[in-house]
Every structure is written in C-alpha cells, then in structure tokens.
Enquirer: 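Dropping a structure here in structure tokens format, bear with me for questions.
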Amino acid sequence: MSAVEEEGGLRSESAPLAPLRTKNRFSVVRLPRHWFVLAMSEELPRDAPLARTLMGTPLVLFRDAEGRASTLLDRCPHRNVPLSIGKIAKDGTLECGYHGWRFDGHGACRAIPSFTGTSEGKARSCPSYPTIEQQGFVWVYSTPGEMPASRPHHFERADDPAYVTVRQHIDLGGTLYSAIENALDVPHTAFLHRGLFRTESRGITIQAKVTRTGDRAVAEYVGEPRPPGFMAKVLSPSGGLVQHWDRFILPSIAQVEYKIGDENHILADTAMTPISDFVTRLYGVVSFKTRLPARAIGPFVTPIAMRVLKQDAYMLKKQTETITAFGGEQFASTEIDVLGKHIWRLLRAAERGESGLPDEASEVDLVV
C-alpha cells in the first residue's frame, strides 16, 4: 500500500485523474465519545436556546435556572419540531414552541400543558449530551446518554495573568482532517501566508523530530532562526533561535508553540469542531507574552490572526470544491508533510474506538 493510500485511504498515486463517483472517498471521520466546543460562553444567553450542529446532528444548547449549560438533541419527541425555536421557561426548562412541552437539562419531560397524567417516561424524553463549560467555552460530548471518562482539553495559558490571550472562531469549508492538517502544516506558510510568518526559502536546513503516542503526534523543529515574517518580528524584534513545536491532540486539538529566547512565548491552540462532513468550525485561543508591553503587541495580534485564518479558509474552500468536482481526494505526500499521516491514523483509530496506536518516532529534514 502506498503512502497516499495509507494517509487518505482514498486513491493510489498511480490512479487516473478521471472523476470518481463512488462513496467513501473523502477524509470524513465520525468521532464518538469525545469532547468538542459547540459555542463560546458569551454566545449562549440565559434567556434563549442556541441551535448548533455536531457531525451533522442538530443539537440545542440552553441554560437552566442556575445558568448551567445543557445540550439536547434538537428534536421534540412529541411532533419532531426543533426545540431551538422554543424558549426558556421561568423554571429554566426548555419549552417547545409548538405545544409547550418542557424539558430539563437531562432531557426529561417536566410538563405537558393540558395533560392530566404524568409527564415523565422514556417515550417522552429527549436525548441529552454531557456538557461542560470551562475557560469561556461550552464543550459537548459527542455521544448522548453516557458518562464521559475524560474531561475537555484545557487551554494551558488562557488563565495565566502573565499572558495576553486572544480568542477567535471561524468556519472552514473542509473536513476535520483537512482543517487540522492545515493548522499544523509548515511548508504552506511561506506561500499562502507569505510575509506574515515566513518568506520563501532562505536555504536553512532544520530538523523535525516527530513522535506519536496513543493520543497525539508531536513535531519539534530544531535549528530554526527567527523567521523574517512580520509576526515573528513583532514577537521578537531582536531575533534569536526559535523553539517550535506542532502538536495534534485527539480528538481535534491543533497546537502550535513558539519560544524565542527566555521572554517571548506564544501558544496557539485551535479546537476544531466538525459541524458537518465538509464544514469545520475553528475555535482559536492564542496566548502570548513578550518582553515588549502587551498593550503594544495586542492590537497587532487579532487582525493578523484573522487575516491568516481567512487565507486558510479560502484555500480549504477551494480544496473542497476541487475534491467534490473530482468525486474524491488524491494525496501525494512526501516526508515534509510531517504530521499528516499521523493525524490521519490517529483520527481513524479514534473513529474505530481503538485506544491508541503503537508509539512511533522519526526525524525529517526541511529546508526553510
């Protein structure tokens, strides 16, 4: 089996480029029993439900009388209308807008107007999804009715007063796999983001030390001087040697970390949420500190970050349009696509419910 088939599971390198119309030729994964961000805390009000979608399944988020976030399947079990078009009742239950049935955060039906019998019973309950709110995000477990064995990802520096933290989100028109690989792909930054992070090759050889363990893949880049891009100059005007790590953490965290000297540090976490097969919502948390005052750096970070994200969104949209036109994907990879195959294998193992893959380590040289 070629590297192309292993990585995408879709087409071999020698396959013709004629359009394919068969099923299952896309890098789409479904991940049960994992946590995903469904909203920023500020997006979920106390007085109205919020419609969201996870892996193509409509969900509804709402806050109970104490302000706790809950998540239900967005379908009333009575007459199949979306609960998200209802309202929050005075007792903090979610009231259906059609007949007024009310549901609590566990999905139990608590009231049926005009009905004299008991409102409780499995036939009248709504599937509920475990929900945790932390660090300004609402996380939802992708399998309903189960007690999770884990907690959501923790953004390590988001609560650290020594750091300035910027939060952003944007929709990307690509599969979960494509969005994650894009966030952790070094070679494209010199072209798609030319001048922001890197420029064209300076002829400097650096080494990527790659390790894969049960739930993650990590690339450490060794021997890179500070890139000449604008963002690097903002973070470290005096230059210096870069310490750089890219990490994929199951199920959908793409993490990039830079250290330049002892005083300049940036940690960028992106939590990717598969809205549907070909739409992935990126929630970004960028925490940084520099030897320059934060108030001098802060105004530059958000517009630059959004410019980069919009460039990525454009390219992923074009990528998806192309693979849709051809009826499938074709990947031709080399060693400098450092984390791509590891991301793919970890995602597929998670989809199958496997606990982890064998550990693996390798080294790759790149010219930057």
Enquirer: For residues 69-84, which residue pairs pass the salt bridge (Lys or Arg N to Asp or Glu O under 4.0 Å) check, not counting sequence neighbours?
Expert: none

Enquirer: Is there a chain of hydrophobic side chains (I, L, V, M, F, W, Y, each step under 4.5 Å between heavy atoms) that links V218 to L346?
Expert: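 In one cluster: no.
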
Enquirer: Looking only at heavy atoms, which two atoms of M272 and A183 are closest? And how far apart?
Expert: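 Closest approach of M272 to A183: CE-CB, 3.8 Å.
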
Enquirer: With L347 as reference, evaluate T175, V28, L250 under the side chain to side chain contact (heavy atoms under 4.5 Å, CB included) test and give the passing residue.
Expert: L250

Enquirer: Within the distance-only criterion (no hydrogens, no angle test), does the side chain of T189 pair as donor or acceptor with the backbone N or O of V186 below 3.5 angstrom?
Expert: yes

Enquirer: Drop me the distance from L172's CG to S178's OG, to the nearest 0.5 angstrom.
Expert: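 Going from the CG atom of L172 to the OG atom of S178 covers 10.0 Å.
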
Enquirer: Taking atom CD of E335 as the centre, report whether more than 12 heavy atoms of other residues, nucleotides or ligands fall under 6.0 Å from it.
Expert: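 Incorrect, the count does not exceed 12.
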
Enquirer: Say whether D159 and Q135, considering side chains only, have a donor N or O and an acceptor N or O under 3.5 Å apart.
Expert: yes

Enquirer: Would the number of heavy atoms belonging to other residues, nucleotides or ligands and lying under 6.0 Å from NE2 of H99 be above 12?
Expert: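 Above 12, so yes.
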
Enquirer: Hey, are the side chains of Q255 and T270 touching, using non-hydrogen atoms and a 4.5 Å cut-off?
Expert: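 Side chain of Q255 against side chain of T270, heavy atoms only: no contact under 4.5 Å found.
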
Enquirer: With rounding to the nearest 0.5 Å, note down the distance linking CD in Q311 to CZ in F191.
Expert: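 The CD atom of Q311 sits 14.0 Å away from the CZ atom of F191.
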
Enquirer: Is any side-chain heavy atom of R33 closer than 4.5 Å to one of Y141?
Expert: yes

Enquirer: Are L50 and S84 side-chain neighbours, meaning at least one heavy-atom pair lies under 4.5 Å?
Expert: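 The answer is no, as the side chains (C-beta and beyond) never meet within the 4.5 Å cut-off.
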
Enquirer: I'd like to know if the side chain of S142 and the backbone of H34 have a donor-acceptor N/O pair within less than 3.5 Å.
Expert: yes

Enquirer: Which heavy-atom pair separates E146 from P130 by the least distance, and what is that distance?
Expert: O-CG, 3.1 Å

Enquirer: Hey, mind stepping through R157 and D269 against salt bridge (Lys or Arg N to Asp or Glu O under 4.0 Å) and telling me if it holds?
Expert: CA-CA 10 Å; R157 299 293 183 180; D269 274 313; over 6 Å; no

Enquirer: Establish, from distance only, whether the side-chain atoms of E329 and S27 form a donor-acceptor pair under 3.5 Å.
Expert: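 Their side chains do contain a donor-acceptor pair, which is all the 3.5 Å distance test asks for.
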
Enquirer: Check whether any side-chain heavy atom of K209 lies under 4.5 Å from a side-chain heavy atom of V222, and answer yes or no.
Expert: yes

Enquirer: Nearest 0.5 Å, what's the NZ-OH distance between K317 and Y314?
Expert: 8.0 Å

Enquirer: Looking only at heavy atoms, what is the nearest atom pair of Y163 and S287, with distance?
Expert: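 The answer is CD2-C, 3.9 Å.
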
Enquirer: Shortest non-hydrogen contact from P144 to Y129?
Expert: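 P144 and Y129 have their closest heavy atoms at CD-CE2, 3.5 Å.
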
Enquirer: Could you tell me the separation between the NE2 atom of H244 and the CD1 atom of I206, rounded to the nearest 0.5 Å?
Expert: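 Interatomic distance, H244 NE2 to I206 CD1, rounded to 0.5 Å: 8.0 Å.
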
Enquirer: Go through the steps to decide whether Q134 and R151 satisfy the test side chain to side chain contact (heavy atoms under 4.5 Å, CB included), and finish with yes or no.
Expert: CA-CA 10 Å; Q134 66 179 32; R151 289 187 61 85; 3.3 Å; yes

Enquirer: Quick one: does any side-chain atom of D337 pair with a main-chain N or O of G340 as donor and acceptor, under 3.5 Å?
Expert: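 No.
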
Enquirer: Taking the six-membered ring for Trp, are Y258 and F288 closer than 6.0 Å centroid to centroid?
Expert: no

Enquirer: Show me, pair by pair, the donor-acceptor contacts under 3.5 angstrom made by side chains of residues 53-66, not counting sequence neighbours?
Expert:
residue, atom, partner, partner atom, Å
R63, NE, L44, O, 2.8
R63, NH1, G67, O, 2.9
R63, NH1, E133, OE1, 2.8
R63, NH2, S41, O, 3.2
R63, NH2, L44, O, 3.4
R63, NH2, E133, OE2, 3.0
D64, OD1, E66, N, 2.9
D64, OD1, G67, N, 3.0
D64, OD1, R68, N, 2.9
D64, OD2, R68, NE, 2.9
D64, OD2, R68, NH2, 3.1
E66, OE1, R68, NH2, 3.2

Enquirer: Are I253 and L31 connected in a single hydrophobic cluster, I mean Ile/Leu/Val/Met/Phe/Trp/Tyr linked by side-chain heavy atoms less than 4.5 Å apart?
Expert: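 The answer is no; the residues belong to distinct hydrophobic clusters.
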
Enquirer: Verify the ring-centre separation between W245 and Y221: is it less than 6.0 angstrom?
Expert: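 Centroid distance Y221-W245: not below 6.0 Å, so no.
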
Enquirer: Are a donor atom and an acceptor atom from the side chains of T71 and T131 found within less than 3.5 Å of each other?
Expert: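 Short answer, yes.
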
Enquirer: Side chain to side chain contact (heavy atoms under 4.5 Å, CB included) between L83 and C126: does it pass, once the steps are laid out?
Expert: CA-CA 10 Å; L83 289 169; C126 184; 3.9 Å; yes

Enquirer: Quick one: are E181 and K341 in side-chain contact, heavy atoms under 4.5 Å?
Expert: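 Not in contact.
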
Enquirer: Which distance, rounded to the nearest 0.5 Å, do you find between the CD of E257 and the CD of E220?
Expert: 10.0 Å

Enquirer: Thinking salt bridges, do D312 and R307 make one under a 4.0 Å N-O criterion?
Expert: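 Salt bridge between D312 and R307, a charged N being under 4.0 Å from a carboxylate O: no.
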
Enquirer: According to a hydrophobic-cluster definition based on side-chain heavy atoms being under 4.5 Å apart (Ile, Leu, Val, Met, Phe, Trp, Tyr only), do F248 and I336 belong together?
Expert: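 F248 clusters together with I336.
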
Enquirer: Taking it one step at a time, do L94 and R110 satisfy side chain to side chain contact (heavy atoms under 4.5 Å, CB included)?
Expert: CA-CA 10 Å; L94 177 57; R110 293 303 183 189; over 6 Å; no

Enquirer: So S128 and F103, do their side chains get closer than 4.5 Å, heavy atoms only?
Expert: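 F103 vs S128: side chains apart.
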
Enquirer: Judged by atom type as modelled, is there a donor-acceptor pair below 3.5 Å linking the side chain of T93 to the main-chain atoms of A89?
Expert: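 No: the side chain of T93 does not pair with the backbone of A89.
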
Enquirer: Do T322 and T324 come close enough that some side-chain heavy atom pair is under 4.5 Å?
Expert: no

Enquirer: Of the non-hydrogen atoms in H188 and N182, which two are nearest, and what is the gap between them?
Expert: CE1-O, 3.2 Å

Enquirer: Can you hop from F137 to V166 via hydrophobic side chains spaced under 4.5 Å?
Expert: no

Enquirer: On a heavy-atom basis, which atom in F155 and which in A271 lie closest, and how many Å separate them?
Expert: CZ-CB, 4.4 Å

Enquirer: Who else is in V279's hydrophobic cluster (ILVMFWY, side-chain heavy atoms under 4.5 Å, direct or via others)?
Expert: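 Same cluster as V279: I275.
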
Enquirer: Examine distances only and state if a side-chain atom of S252 and a backbone atom of T273 form a donor-acceptor pair shorter than 3.5 Å.
Expert: no

Enquirer: Given the rule that I, L, V, M, F, W and Y join up when any side-chain heavy atoms are under 4.5 Å apart, are V164 and I266 in one cluster?
Expert: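 Yes: a chain of side-chain contacts under 4.5 Å links V164 to I266.
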
Enquirer: For the CZ atom of R345 and the CD1 atom of I343, what is their distance to the nearest 0.5 Å?
Expert: 12.0 Å

Enquirer: Which residues, ordered by chain and number, are linked to I85 in its hydrophobic cluster, where ILVMFWY side chains connect at heavy-atom gaps below 4.5 Å, directly or through other members?
Expert: none

Enquirer: Please tell me if the side chains of V364 and Q207 come closer than 4.5 Å, counting only heavy atoms from C-beta onward.
Expert: no

Enquirer: Does W139 form a ring pair (Phe, Tyr, Trp, His ring centres under 6.0 Å) with F36? I'd like the steps, not just the answer.
Expert: CA-CA 5 Å; W139 296 79; F36 295 95; 8.3 Å; no

Enquirer: Among Ile, Leu, Val, Met, Phe, Trp and Tyr joined by side-chain contacts under 4.5 Å, find the other residues sharing a cluster with Y98 and list them by chain and number.
Expert: V81

Enquirer: Is there any salt bridge (Lys or Arg N to Asp or Glu O under 4.0 Å) pair reaching into residues 36-50, and which pairs are they, with sequence neighbours excluded?
Expert: E43-R52

Enquirer: Given side chain to side chain contact (heavy atoms under 4.5 Å, CB included), test H342 with V210 step by step and report yes or no.
Expert: CA-CA 10 Å; H342 299 292; V210 183; 3.8 Å; yes

